[in-house]
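Note on naming: letters A, B, ... go to the chains in the order of the sequence lines (proteins, then strands), and numbering restarts at 1 for each one.
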Number of protein chains: 2
Amino acid sequence: MADLVYRKVMHDLKQKIMANAFPNKRLPDERSLSEQYSVSRSSIKRALKILADQGIIFKKRGSGTFINPLFMKNKTIFHYEGSNLGITDSLKSQGMTPKIKLLSFKVIPANEELQQDLFLSPGDFVYEIKRLRSFDNQPFMIETGFIPIKIAPELSQDIVSGSIFNYIEEKMNKRVTRSFLSILASPSDKTDQELLNLSVNEPVGIMEGIFFLDDGTPFEVSNMRLHYKYLRYNTFVMLDDY
Amino acid sequence: MADLVYRKVMHDLKQKIMANAFPNKRLPDERSLSEQYSVSRSSIKRALKILADQGIIFKKRGSGTFINPLFMKNKTIFHYEGSNLGITDSLKSQGMTPKIKLLSFKVIPANEELQQDLFLSPGDFVYEIKRLRSFDNQPFMIETGFIPIKIAPELSQDIVSGSIFNYIEEKMNKRVTRSFLSILASPSDKTDQELLNLSVNEPVGIMEGIFFLDDGTPFEVSNMRLHYKYLRYNTFVMLDDY
DNA sequence: AAGTGGTCTAGACCACTAC
DNA sequence: TAGTGGTCTAGACCACTTA
C-alpha cells in the first residue's frame with residue numbers, strides 16, 4: 001500500500017509541512033511539484049486533495065496552495081485524532097505505547113437499542129467487552145463495546161485483550177472503514193474517577209459510535225469515556241455542496 | 001457551476017439511486033457508464049468518489065460498485081451533511097428560539113496567535129466579540145470570537161447582537177463554507193458556572209475553531225464554551241482512502 | 001480467463017488572481 | 001500578461017474477484 005505514488009507524495013508533503021519546511025506557509029505550485037517528484041500533475045493533485053480534505057492545506061485558485069495554520073497547533077500534546085478510526089493505531093502513529101486491560105467479557109442478549117444499531121433480530125446475542133486503555137501507565141479511556149457474535153464468532157478473551165480492529169483486518173480480512181460518532185462532555189462518575197485517576201470535579205469526554213465494515217455491515221457499538229485531558233477531536237467541516 | 005461534467009453525472013446517478021433505478025443494488029461498471037454518459041472514465045470515477053464519500057455507494061475492487069443498503073434504510077444517519085455551520089440556523093432548524101446577549105465588543109490588536117490563524121500582519125486589528133447564547137431562557141454557550149476588521153469593516157454593536165453569519169451572507173454576499181474545529185471537555189471555571197448555571201463539578205464542552213469564507217480566507221477564530229448538556233457533536237468518518 | 005475497480009501518465013484547455 | 005489551480009480526456013497497465 002505504501003508504495004503508491006500519491007500516498008508517498010502525500011506523506012512526504014505532510015512530513016515537510018510538520019517539519020516547517022515551508023516557513024512562508026505556502027506550497028510550491030502543482031507543476032513544480034510534478035517536476036520535483038517526477039510524477040504527473042494528476043498525482044500531485046490527488047495527494048493535495050487528501051491533505052485538503054484533512055484540513056491541512058487549502059487552495060486558492062489563481063493564487064496558490066497554503067498551509068492551514070491551525071493544523072500546526074497542539075501537536076505536542078497527546079490526543080485522540082478524528083482522522084484515525086482505531087485507537088491502537090492512532091496512538092502508535094503518535095509514538096505512544098498503548099496498553100489494554102480487560103475489565104470484563106460477556107455474551108448477552110441484544111437489547112432493543114443494540115438490535116436497531118447493529119441490525120439484529122430479537123434473540124440475537126452480542127459480546128459485551130469492557131476495557132481500560134492506557135499509555136505509559138496513564139489510563140485514559142474506559143471502553144464498552146458490543147459486537148454481534150455472528151459477525152465474529154471466534155472472539156476470545158485473548159483477542160479482545162488486544163486490538164480488535166487489527167484482529168478483524170488481519171485474521172478476518174475485513175476492514176473497519178466508517179463510523180458514526182457522537183462527542184459530548186459529562187461529569188465523571190465514581191468508576192471514572194477510580195479508573196482514570198480523576199478528581200470529583202474533573203469531567204470525562206464521551207465518544208459514542210457505531211463502526212462499520214467496508215461492506216456496510218455495522219460491526220460494533222462502542223461507548224468510550226475519556227479522561228478529559230486526553231480527548232481532543234479535530235474535524236474539518238466542508239459545506240461545498242457537491 | 002452546475003454544468004460541470006462530474007457534477008452532472010453525480011447528480012444524475014444520485015437521483016437514479018433514490019428512484020430505485022438499480023433494483024439489484026448494483027451500478028453499471030465504470031467503462032459502461034463512461035460510454036453511456038459520453039464522458040471519460042476519470043470523470044465517472046470522480047462522480048462515484050463523491051457518492052462514495054457521502055456513504056451512498058461503496059466499491060469493491062474486482063467486483064463492482066454497490067448501493068449502500070443503509071442509505072436506503074435509514075437516511076437520518078446521513079443527516080449531518082445538510083447541517084449548517086452557523087449556530088443560529090442550527091438551532092432554528094430544531095425549532096428553538098435563539099437569543100444572543102452581547103457581553104462585550106472591542107477592537108484589539110491581533111496577538112501573534114491570531115495573526116497566524118487569521119493570516120494577519122503585525123499591527124492588524126480584530127474585533128473581540130463575547131456573547132452569551134440562550135434558548136428558551138436557558139443559557140448554553142459562551143462564545144468569544146475574533147474577526148479581522150479589514151474583512152468586515154462595518155461591524156457594529158447592533159450587527160454582532162444578531163447572527164453574524166447571516167449578516168455575512170446577506171449583506172456582504174460571501175459564504176462561510178468551511179471550518180476547522182477542535183472539540184474537547186474541561187472543568188468549568190467561575191465564569192462558566194455563573195453564566196451557564198453550572199455547579200462546580202459540572203463541566204463545559206469546548207469547541208475551538210476557525211471559520212473560512214468560500215474563497216479560503218480565514219474569517220473568524222472562535223472559542224465556544226458550552227453547557228455540557230447542550231453539546232453533542234455528530235460526525236461521520238470515512239477511511240476509504242488515505 | 002474475463003471483468004471489475006485502482007493507479008498513473010501527458011497534455012489540452014478553462015477560470016481566476018495578481019501585477 | 002503571467003502564473004496559479006480546476007476540469008477533462010484517452011489510454012496504458014495493475015490488482016483483485018469471480019467463475
Side-chain angles (χ1 to χ4, degrees), chain A residues 1-11 13 22 24-53 56-68 169 173-175 177 213-216 238 240-242, chain B residues 1-11 13 22 24-53 56-68 119 174 177-178 212-217 238-242:
Chain A
M1 269 296 195
D3 53 341
L4 298 184
V5 167
Y6 72 90
R7 279 180 70 123
K8 273 200 300 195
V9 172
M10 189 269 283
H11 280 125
L13 284 175
F22 307 105
N24 54 351
K25 302 300 173 201
R26 183 201 178 110
L27 265 59
D29 71 278
E30 296 180 349
R31 286 162 182 88
S32 304
L33 288 171
S34 170
E35 271 194 35
Q36 282 176 38
Y37 284 99
S38 299
V39 302
S40 72
R41 190 172 157 224
S42 308
S43 296
I44 295 293
K45 290 184 92 66
R46 186 158 187 183
L48 293 180
K49 173 97 171 53
I50 294 172
L51 295 176
D53 283 348
I56 295 172
I57 60 172
F58 59 92
K59 309 183 193 182
K60 289 177 100 162
R61 187 199 204 118
S63 176
T65 302
F66 303 88
I67 297 170
N68 180 350
E169 298 207 356
N173 202 29
K174 306 216 175 211
R175 286 187 64 216
T177 50
L213 299 178
D214 51 5
D215 62 1
M238 308 256 313
D240 293 323
D241 63 343
Y242 285 114
Chain B
M1 270 300 197
D3 54 340
L4 298 184
V5 166
Y6 72 89
R7 280 178 67 120
K8 274 199 300 195
V9 172
M10 189 274 282
H11 279 125
L13 283 175
F22 307 106
N24 55 352
K25 302 300 174 201
R26 184 200 178 110
L27 264 61
D29 71 277
E30 297 180 348
R31 286 162 181 88
S32 304
L33 288 171
S34 169
E35 270 194 35
Q36 282 176 38
Y37 284 99
S38 298
V39 302
S40 73
R41 190 172 156 221
S42 308
S43 296
I44 294 293
K45 288 185 92 66
R46 186 159 186 183
L48 293 181
K49 172 100 170 52
I50 294 171
L51 295 177
D53 283 348
I56 295 172
I57 60 172
F58 57 91
K59 310 186 195 180
K60 291 180 110 161
R61 187 198 204 116
S63 175
T65 302
F66 303 87
I67 297 170
N68 183 352
F119 276 31
K174 305 216 176 212
T177 50
R178 303 169 219 198
F212 300 87
L213 299 177
D214 49 6
D215 65 358
T217 312
M238 307 260 312
L239 278 197
D240 283 337
D241 267 313
Y242 318 141

[X] side chain near [N] phosphate (N/O to OP1/OP2, under 4.0 Å):
X      : N       : result
S63(B) : dT17(D) : no
T65(B) : dG5(C)  : yes
K45(A) : dG6(D)  : yes
K59(A) : dG6(D)  : yes
S43(B) : dT9(D)  : yes

Which listed nucleotide ([options]) is nearest to the side chain of [X]?
X      : options                  : answer
L4(A)  : dG5(C), dT7(C), dT18(D)  : dT7(C)
Y6(A)  : dG5(D), dT7(C), dT4(C)   : dT7(C)
R31(B) : dC8(C), dC13(D), dC16(C) : dC13(D)
E30(B) : dC8(D), dG5(C), dC8(C)   : dG5(C)

Exercise. Could you check whether R46(B) gets within reach of a base, just the sugar-phosphate, or nothing at all, counting any heavy atom under 4.0 Å?
Key: sugar-phosphate
Quiz item: Counting any heavy atom closer than 4.0 Å, what does S42(B) reach on the DNA or RNA strands: base, sugar-phosphate only, or nothing?
Solution: base
Quiz prompt | Interatomic distance, L27(B) CG vs dG3(C) C1' [rounded to whole Å] | solution = 16 Å
Practice problem: Determine, stepwise, if the pair Y37(A) / I44(A) fulfils side chain to side chain contact (heavy atoms under 4.5 Å, CB included). | Solution: CA-CA 9 Å; Y37(A) 284 99; I44(A) 295 293; 4.1 Å; yes
Practice problem: Report yes or no: is there a donor-acceptor pair, N or O only, under 3.5 Å between the side chain of R41(B) and the base of dG6(C)? | Solution: yes
